[in-house]
Amino acid sequence: MKPYTKKIVLENGREFYGYGFGADREAINEIVFNTSMVGYQEIMSDPSYTDQMVVMTYPLIGNYGMADEDYETRTPSIGGMIVREYNDSPSNFRYTKTLGEVFEEHDIPAVWGVDTRALTRIIRDEGAQKVIVTDAATPREECMRKLAAYRMPHDMVARVSCKKRWMSRVPNHKWDVVAIDCGIKNNIIRQLNRVGCNVTVVPFDASLEEIMAFRPDGIVLSNGPGNPEYVTPVIERVRALRGKLPIFGICMGHQLISLAYGARTFKMKFGHRGGNHPVKCLATGLIEITSQNHSYAVDVESLKGTGLRLTHVNLLDGTAEGVECAAEGVFSMQYHPESASGPQDSRYLFTKFTKIMEEHKNA
């Protein structure tokens with residue numbers, strides 16, 4: 001067996017050895033796991049994974065390469081990836097680069113050959129924690145010192161949000177939508193285009209005047225990384241816009257709407273990351289299989305008296321998956337209805353948003 005080149009040291013002191021691919025550098029991140037069987041390209045290019053080292057529970061990663069059309073952002077900001085087996089010889093007529101080449105291009109470290117089942121159990125039982133990926137020869141004591149001294153950043157949304165506004169247009173559009181970019185995924189924009197929306201994407205700290213200058217029919221709040229409580233500019237915009245325009249929140253956008261209405265959020269033990277989470281719609285009783293990626297959730301009890309009502313719940317742990325204030329045309333989902341990657345059960349929500357905009361326009 002060839003000598004190991006990299007090792008992973010967790011905050012709890014556990015060590016795992018493997019082989020490096022992608023960028024050959026040391027990195028400290030928060031370690032989390034994702035249970036998706038496909039979609040590693042969409043996962044690695046999702047801005048919500050900024051500063052997170054993602055353990056993929058599916059054992060074979062890289063086998064279909066990377067396709068130019070499937071990125072969720074132009075510049076991936078994931079902290080890194082840990083996999084059981086890495087395939088560097090993809091079999092796919094669409095692929096243009098390997099996963100390792102893309103990681104190297106964007107200076108993202110990754111490790112293969114690790115017991116990902118054991119890693120996942122640790123995260124599940126003990127919770128997400130800091131991790132260092134380093135050279136196999138680095139002393140354990142040095143790794144523990146670095147982990148103890150490292151402080152997780154709070155500026156992730158500012159780093160991944162666009163710096164200037166940009167637009168995605170469709171012919172014969174019916175709606176003009178402003179999307180506030182906290183780390184927006186490309187497929188959210190594609191799905192809005194699909195239902196007839198011209199989309200103007202603005203930075204997370206865009207002023208109310210900048211947003212209203214586009215005379216939008218509705219506002220979309222995107223997904224994004226980190227603690228929603230730190231994203232105060234967007235919370236303030238929601239407070240100013242509620243009742244004036246329809247608002248649709250996705251993932252972090254869901255949390256920001258809840259905070260703006262006076263509810264609370266909390267950090268989950270290990271979060272939800274995968275493409276098979278069952279979510280129940282309380283109005284219809286129907287179950288949707290959903291794509292999820294979040295560390296924070298809305299406290300259900302804190303919704304009382306806010307004007308928001310709970311609309312969807314996660315059947316695995318009972319956490320809030322959707323809220324709504326129908327009187328003000330505001331609704332949000334914790335999961336990812338744009339489904340990249342993941343099942344397409346929830347794409348109807350984009351059509352629901354257009355119907356709310358139409359009702360508001362005709363009111």
Side-chain angles (χ1 to χ4, degrees), residues 1-45 49 51-67 70-71 76-126 128-148 150 273-274:
M1 192 170 78
K2 63 181 181 179
Y4 293 118
T5 61
K6 294 288 181 180
K7 77 172 177 178
I8 301 156
V9 183
L10 299 174
E11 195 174 1
N12 66 5
R14 291 285 301 274
E15 293 180 304
F16 294 83
Y17 286 83
Y19 306 95
F21 68 103
D24 184 16
R25 69 173 179 88
E26 186 174 278
I28 299 178
N29 296 121
E30 180 185 42
I31 191 168
V32 297
F33 66 85
N34 187 299
T35 59
S36 298
M37 296 178 68
V38 295
Y40 58 79
Q41 178 169 355
E42 291 86 348
I43 291 165
M44 69 79 62
S45 59
Y49 285 109
D51 295 332
Q52 290 182 329
M53 187 70 60
V54 182
V55 178
M56 298 298 295
T57 62
Y58 189 73
L60 177 61
I61 300 296
N63 51 309
Y64 54 83
M66 306 288 280
D70 295 345
Y71 288 96
S77 54
I78 187 173
M81 193 171 278
I82 301 168
V83 306
R84 180 70 182 114
E85 182 178 347
Y86 170 60
N87 185 326
D88 204 41
S89 301
S91 176
N92 177 8
F93 74 96
R94 294 178 64 239
Y95 101 91
T96 55
K97 293 179 181 177
T98 67
L99 177 60
E101 287 171 334
V102 174
F103 275 153
E104 188 174 357
E105 179 182 343
H106 293 285
D107 197 33
I108 298 168
V111 181
W112 69 273
V114 176
D115 185 348
T116 51
R117 290 185 300 176
L119 259 179
T120 301
R121 287 193 188 100
I122 291 171
I123 300 166
R124 185 191 63 194
D125 294 342
E126 300 181 20
Q129 56 191 281
K130 287 184 285 187
V131 64
I132 185 169
V133 171
T134 186
D135 189 88
T138 306
R140 178 178 174 277
E141 293 73 19
E142 181 181 337
C143 294
M144 296 304 292
R145 281 198 304 272
K146 289 180 177 180
L147 286 169
Y150 185 77
R273 292 172 186 86

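These numbers were taken from a predicted model, which means no experiment stands behind them. Basis for what follows: all heavy atoms, side chains included, without hydrogens, waters or symmetry-related copies.
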Heavy-atom closest contact ([X] atom, [Y] atom, distance):
X: P90; Y: G62; value: CG-O, 3.7 Å
X: A128; Y: V32; value: CB-CG1, 4.3 Å
X: T134; Y: C143; value: CG2-SG, 3.7 Å
X: P109; Y: G79; value: CD-O, 3.5 Å
X: G65; Y: Q41; value: O-OE1, 4.1 Å
X: N29; Y: M53; value: OD1-CE, 3.2 Å

Under 3.5 Å: donor-acceptor pair, side chain of K7, backbone of E15: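 A pair under 3.5 Å: no.
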
Short side-chain to backbone donor-acceptor contact, K146 and I132, under 3.5 Å: no

Audit row: Y58, V38, side-chain contact (heavy atoms from CB on, under 4.5 Å) steps and yes/no: CA-CA 8 Å; Y58 189 73; V38 295; over 6 Å; no

Residues, nucleotides or ligands: over 12 heavy atoms within 6.0 Å of D24 CG: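 No.
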
More than 12 heavy atoms of other groups within 6.0 Å of R14 CZ: no

Would you call [X] and [Y] a side-chain contact if the rule is heavy atoms closer than 4.5 Å?
X: Y40; Y: N34; value: no
X: D70; Y: Y64; value: no
X: I78; Y: Q52; value: no
X: L147; Y: I28; value: yes
X: E30; Y: D51; value: no
X: M144; Y: V9; value: yes
X: S45; Y: M66; value: no
X: R273; Y: V54; value: no

Contacts of type ring-ring contact (aromatic ring centres under 6.0 Å, His included), residue F33, not counting sequence neighbours: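 Only F270 meet the ring-ring contact (aromatic ring centres under 6.0 Å, His included) criterion with F33.
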
Rounded to the nearest 0.5 Å, what separation is found between the [atom1] atom of [X] and the [atom2] atom of [Y]?
X: I61; Y: M81; atom1: CD1; atom2: CE; value: 6.5 Å
X: K6; Y: R25; atom1: NZ; atom2: CZ; value: 9.5 Å
X: F103; Y: F21; atom1: CZ; atom2: CZ; value: 5.5 Å
X: M56; Y: M44; atom1: CE; atom2: CE; value: 11.0 Å
X: N63; Y: Y95; atom1: CG; atom2: OH; value: 12.0 Å

Candidate list I8, L119, T35, V114, test side-chain contact (heavy atoms from CB on, under 4.5 Å), partner V55, passing option: L119

side-chain contact (heavy atoms from CB on, under 4.5 Å) between E101 and E105, intermediate numbers included: CA-CA 6 Å; E101 287 171 334; E105 179 182 343; over 6 Å; no

Cut-off 3.5 Å, no hydrogens considered: what does the side-chain donor-acceptor table look like for residues 82-89, sequence neighbours left out?
| from | atom 1 | to | atom 2 | distance (Å) |
| --- | --- | --- | --- | --- |
| R84 | NH1 | G113 | O | 3.4 |
| Y86 | OH | D88 | OD1 | 2.4 |
| Y86 | OH | G100 | N | 2.8 |
| N87 | OD1 | S89 | N | 2.7 |
| D88 | OD1 | T98 | OG1 | 3.4 |

Ring-face cation of K2 near Y19 (centre distance under 6.0 Å, axis angle within 45°): yes

